[in-house]
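Data block below; observations after.
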Amino acid sequence: MLYGSLNIKDGRLFFEGRDLTDLAKKYGTPLYVMSEDKIRENCRSYKSALGSCPCPDSGAVYASKACSFKEIYRIIAEEGLGADVVSTGEIYTAYKAGFPMENAYFQGNNKTDDDIRFAIDHGVGYFVCDNFEEIEALDRIAGEKNIRQKILLRVTPGIDPHTYDEVATGKVDSKFGVAIETGQALEAAKLAISKKNLDLKGFHCHVGSMVFDSDVFIRAAAVMLGFFKDVKDSTGFTATVLDLGGGYGVKYYEGQGEIDIPANIKELSGYVAKKAEELGLPVPALKLEPGRSIVADAGVTLYTVGSVKKITGYKNYVSIDGGMTDNPRYCLYESRYTVMSADKAGEEANLKADLVGRCCESGDIIQPGCMFPKTIGRGDTVAVLTTGAYNYSMASNYNRIGRPAVVMISEGGERIAVKRETLDDLIRLDV
Ligand SMILES: *Cc1c(COP(=O)(O)O)cnc(C)c1O
């Protein structure tokens with residue numbers, strides 16, 4: 001089997017010990033199923049790897065854009081991770097969930113004055129400042145509110161993690177952060193240091209997503225620590241936090257690359273300690289911001305088949321009751337997924353077909369070229385695996401389709417974590 005948490009019993013697909021066909025019947029489809037135990041296991045794996053770093057303030061910060069609703073923030077808080085937030089919506093959700101906001105990191109390349117006020121009023125611990133204007137605005141607003149705001153400064157180390165352009169953000173010409181190479185990052189650091197209402201703690205970068213190469217973070221750390229040294233030499237300021245962002249990849253399909261994350265973190269933290277010493281710097285706290293690798297493999301999406309269209313001599317389509325509204329990732333990035341029949345998992349899968357959604361859009365494809373049992377037909381249950389990241393959080397109401405429910409399963413039971421959007425929810429804001 002592809003993943004440890006999946007197995008087939010009596011011809012049906014089970015995830016974390018649950019019969020997925022039963023869940024589909026019980027809660028309706030489309031349905032996001034998320035395993036709380038898996039999320040916790042992923043958090044703990046980061047926590048224990050970062051917990052053995054030389055600097056005791058090291059730790060993981062969950063990038064909540066990957067999957068954001070109240071129950072997720074509660075789990076993350078219980079596991080002791082921080083949370084990245086990128087909008088007032090994410091801040092509000094975390095706040096309402098009781099998340100300890102001093103562990104929240106406010107990201108983003110355009111925070112409005114209103115966003116800044118909202119974040120300060122809700123006690124956000126750190127701002128990850130992206131640009132000169134934000135430094136000025138944040139200093140001004142923090143002054144008005146009589147606080148000294150802790151910040152990290154986001155810089156671009158010029159590292160290309162060998163991924164698609166859409167998910168590569170550490171390059172010099174990125175819209176995020178200020179470039180080290182051009183000298184602008186040093187200027188921004190000097191500006192931040194000069195501001196009396198800002199308390200610069202360190203520097204942040206995020207080189208991109210779906211990182212599988214074991215040297216990506218080490219190369220980023222090398223450039224970043226060189227920058228720590230330049231800042232120290234030219235200003236006397238010693239940074240104490242090195243935040244290398246997110247991006248470890250996860251396995252979406254058989255034959256894809258894999259990375260041993262704890263082993264990679266161990267190697268990385270050893271490198272950071274050695275390099276800092278070489279440069280005559282104190283060993284900084286190492287922060288990582290995993291999003292996908294915390295939630296992706298904790299999620300499965302379930303659909304019900306509506307039609308199987310066999311266009312003789314051309315191709316076959318299996319149409320389901322969801323689509324790009326609940327999973328836009330194939331449309332956006334041609335992302336690959338593993339698709340399986342849930343109720344006929346024991347049958348041989350020898351019918352090749354595209355799994356397509358119900359939206360009025362030919363590009364509404366969940367995954368092309370999937371293999372299904374020959375008997376697949378209306379009413380059957382299909383599972384798309386590894387959908388815990390960037391599915392619910394990227395879902396839309398295109399064609400006025402409501403977002404699916406999220407059911408959270410765990411060893412101890414199951415509960416609805418997010419309700420299914422109703423027709424009345426869809427017209428709630430219309431006047
Ligand atoms: C998206 C993002 C992350 C998380 O990336 P994953 O690939 O989901 O791990 C972390 N930090 C920042 C700043 C991001 O933009």
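Order of appearance sets the numbers: ligands from 1, and atoms from 1 within every ligand.
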Got a sec: does the CZ of Phe132 have more than 12 other heavy atoms crowding it under 6.0 Å?
yes
Atom NZ of residue position Lys419 - does it have more than 12 heavy atoms of other residues, nucleotides or ligands inside 6.0 Å?
no
Mind running side-chain contact (heavy atoms from CB on, under 4.5 Å) on Val250 and Gln256 for me, showing each step along the way?
CA-CA 9 Å; Val250 301; Gln256 186 185 12; over 6 Å; no
Record the part of [X] in heavy-atom contact with ligand 1 below 4.0 Å; permitted values are side chain, backbone, both and neither.
X: Asp84; answer: side chain
X: Gln107; answer: side chain
X: Phe176; answer: neither

Does the separation of the ring centres of Phe228 and Phe203 fall below 6.0 angstrom?
yes
Suppose I only count heavy atoms of [X] and a 4.0 Å limit; which atoms of ligand 1 are within that range?
X: Ser209; value: 5 (O), 6 (P), 7 (O)
X: Tyr390; value: 1 (C), 4 (C), 5 (O), 6 (P), 8 (O)
X: Gly247; value: 5 (O), 6 (P), 7 (O), 9 (O)
X: Ala63; value: 3 (C), 4 (C), 10 (C)

Below 3.5 Å, N or O to N or O, backbone or side chain included: is there any such pair between [X] and ligand 1?
X: Gly245; answer: no
X: Glu289; answer: yes
X: His204; answer: no

Mark yes or no: Lys111 above the aromatic ring of Phe127, with NZ or CZ under 6.0 Å from the six-membered ring centre and no more than 45 degrees from the axis.
no
Could you tell me whether Arg140 and Asp113 have a side-chain N and a carboxylate O separated by less than 4.0 Å?
yes
Who gets closest to atom 9 (O) of ligand 1 by heavy atom: Gly291, Ala66, Gly208?
Gly291
Reference residue Tyr252; test side chain to side chain donor-acceptor pair (under 3.5 Å); the match among Arg292, Gln367, Arg336
Arg292
